[in-house]
There are 2 protein chains.
Amino acid sequence: MDFSTRLRDHGLRVTRQRLAVLGVVDSHPHSSADAVAEKVRRDLPELSLQSVYNVLNDLTAFDLLRRFSPPHSPALYETRVGDNHHHAVCTRCGRVEDVDCAVGHAPCLTPSDSHGMTIQIADVLYQGICKDCAERSPGPAG
Amino acid sequence: MDFSTRLRDHGLRVTRQRLAVLGVVDSHPHSSADAVAEKVRRDLPELSLQSVYNVLNDLTAFDLLRRFSPPHSPALYETRVGDNHHHAVCTRCGRVEDVDCAVGHAPCLTPSDSHGMTIQIADVLYQGICKDCAERSPGPAG
DNA sequence: CCGCTTATTTTGAGTAAGTCAAGATAAGCA
DNA sequence: TGCTTATCTTGACTTACTCAAAATAAGCGG
Ligand SMILES: [Mn+2]
Ligand SMILES: [Mn+2]
Ligand SMILES: [Zn+2]
Ligand SMILES: [Zn+2]
C-alpha cells in the first residue's frame with residue numbers, strides 16, 4: 001500500500017511535504033530530522049525544518065514511521081514499522097544497522113518481570129564497534 | 001567496594017562532588033542530571049550543574065555509572081552497572097522500572113546478525129503502561 | 001471548476017539538555 | 001607545607017526540539 005493511501009486511511013491529508021519526507025525516510029532509513037530536511041530540500045527547497053518535525057511527529061504517532069533515540073544522537077526515523085526489529089549502533093562512528101529479533105518471534109515482548117506494566121514495545125539497542133572502526137584501530141572500546 | 005576505592009582504582013581523584021553524585025544516584029536510581037543536581041545541593045549547595053554533567057560523563061566513561069536515554073526524556077543514570085539489566089518505561093507517566101534479562105543470562109548480547117559489529121552492550125527498553133496509569137484510565141495506549 | 005473550511009505549513013520566538021573553554025580551586029604527592 | 005595538575009566553576013554557546021500565530025493549500029460540497 002502506498003504512502004498516499006495510508007495517509008488517507010488515517011484521515012490525514014496528502015501533502016507534498018509528507019510524501020517527500022516519507023520518500024526520503026524510506027530510501028534513507030535511520031535518518032535524523034536534520035538529515036531528512038537536507039535531503040527533502042533537493043526536491044522541495046522551501047521546506048521548513050519545523051515542518052519536518054511536524055511531519056515526523058505526526059506520522060510517528062500514526063505508526064507510518066518509527067522513531068528511536070540512541071545515546072549522543074538526535075532521534076532517528078524509519079519506515080520499517082510493526083516488525084519489532086532492533087538496532088546496533090557503533091559507539092565510535094554512530095553507524096546504525098538493523099538487527100532482527102534475536103530469539104525467534106518478538107520474545108522481547110515478554111520480559112521476566114515488568115512490575116505490573118503492560119508492555120507494548122521492546123526497543124533493543126545494541127552498542128558496539130562496527131567492522132570498519134575495528135579495522136581502523138583494533139584497540140578496546142571507545 | 002566503596003566509591004572512593006573504585007575512583008582511586010581508576011586513577012581518579014576522590015572529590016566531595018563525585019562522592020555526593022554517586023551517593024545520590026545510588027539511592028535514587030534512574031535520575032536525570034537535573035534531578036541529581038537538585039538532590040546533591042541539599043548537602044553541597046554550591047555544586048554547579050556543569051560539574052554534575054562532568055561527573056556523570058566521567059564516571060559513565062569509567063563504568064562507575066550507567067547511562068540510558070529513553071525517548072522524550074533526558075539521559076538517566078544508575079549505579080547498577082555490569083549486569084546488563086533492562087528497563088521498562090511508562091509512556092504515560094515516565095516511570096522507570098528495572099527488568100532482569102528476559103531469557104536467562106545476557107542472551108541479548110548475541111543478536112542473530114549484527115553486520116560484523118562487535119556487540120558490547122544490549123540496552124533493552126520496554127515501553128508500556130504502568131499499573132497506576134492503567135487503573136487511572138484503562139483505555140488503550142497513550 | 002469554485003469557494004469554503006480547516007488541516008497543514010511556515011515564520012519567528014523560545015526552551016531543554018548538554019557542550020566548550022578559560023580561569024579558580026583543591027586532591028594527592030614529594 | 002607547597003607544587004602540580006585534575007577537577008570544579010563560571011559564562012557563553014550549541015543542538016535538538018517545542019510553542020504559537022499567521023499564511024497556505026487539501027479536500028469537500030455545490
Ligand atoms: Mn531499523
Ligand atoms: Mn536500572
Ligand atoms: Zn563504526
Ligand atoms: Zn505510568
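Predicted model, so just to flag it, every value in this text is computed and none were measured. So you know, we letter chains A, B, ... as the sequences are listed, proteins then strands, and number each from 1.
Rounded to whole Å, the distance from CG on B:L44 to P on C:dA26 is 11 Å. When rounded to the nearest whole Å, the span between CG of A:L49 and C1' of D:dT18 equals 11 Å. For B:E46 and D:dT9, the CD to P distance is 7 Å, given to the nearest whole Å. C:dG23 atom P lies 17 Å from atom CG of B:N54, rounded to whole Å. Note: NE2 (B:H72) to P (D:dC19) measures 11 Å, nearest angstrom. When rounded to the nearest whole Å, the span between CZ of B:R16 and C1' of D:dT7 equals 12 Å.
Both B:A75 and A:G11 sit near DNA chain C, but only A:G11 has its closest nucleotide nearer the 5' end. Along DNA chain C, the nucleotide nearest B:D34 and the nucleotide nearest A:L47 are compared for position; the residue whose nucleotide lies closer to the 5' end is A:L47.
Between A:H30 and A:H87, the ring-plane angle classifies as perpendicular under the 30° and 60° cut-offs.
Between D:dT18 and A:N57, a contact under 4.0 Å exists linking OP1 or OP2 to a side-chain N or O. Taking 4.0 angstrom as the limit, B:R18 places a side-chain polar atom (N or O) nearer than this to OP1 or OP2 of D:dT7. One finds a side-chain N or O of A:T15 lying less than 4.0 angstrom from the OP1 or OP2 phosphate oxygen of C:dT9.
Across all strands shown, A:S51 has heavy atoms under 4.0 Å from base atoms, whether or not it also approaches the sugar-phosphate. Note on B:L12: only backbone sugar-phosphate atoms sit closer than 4.0 angstrom, heavy atoms only; bases stay farther off.
Looking at every heavy atom in both residues, B:H86 comes nearest to B:D100 through CD2-O, 4.3 Å.
For B:Q50 against C:dC20, a side-chain-to-base donor-acceptor contact under 3.5 Å is present.
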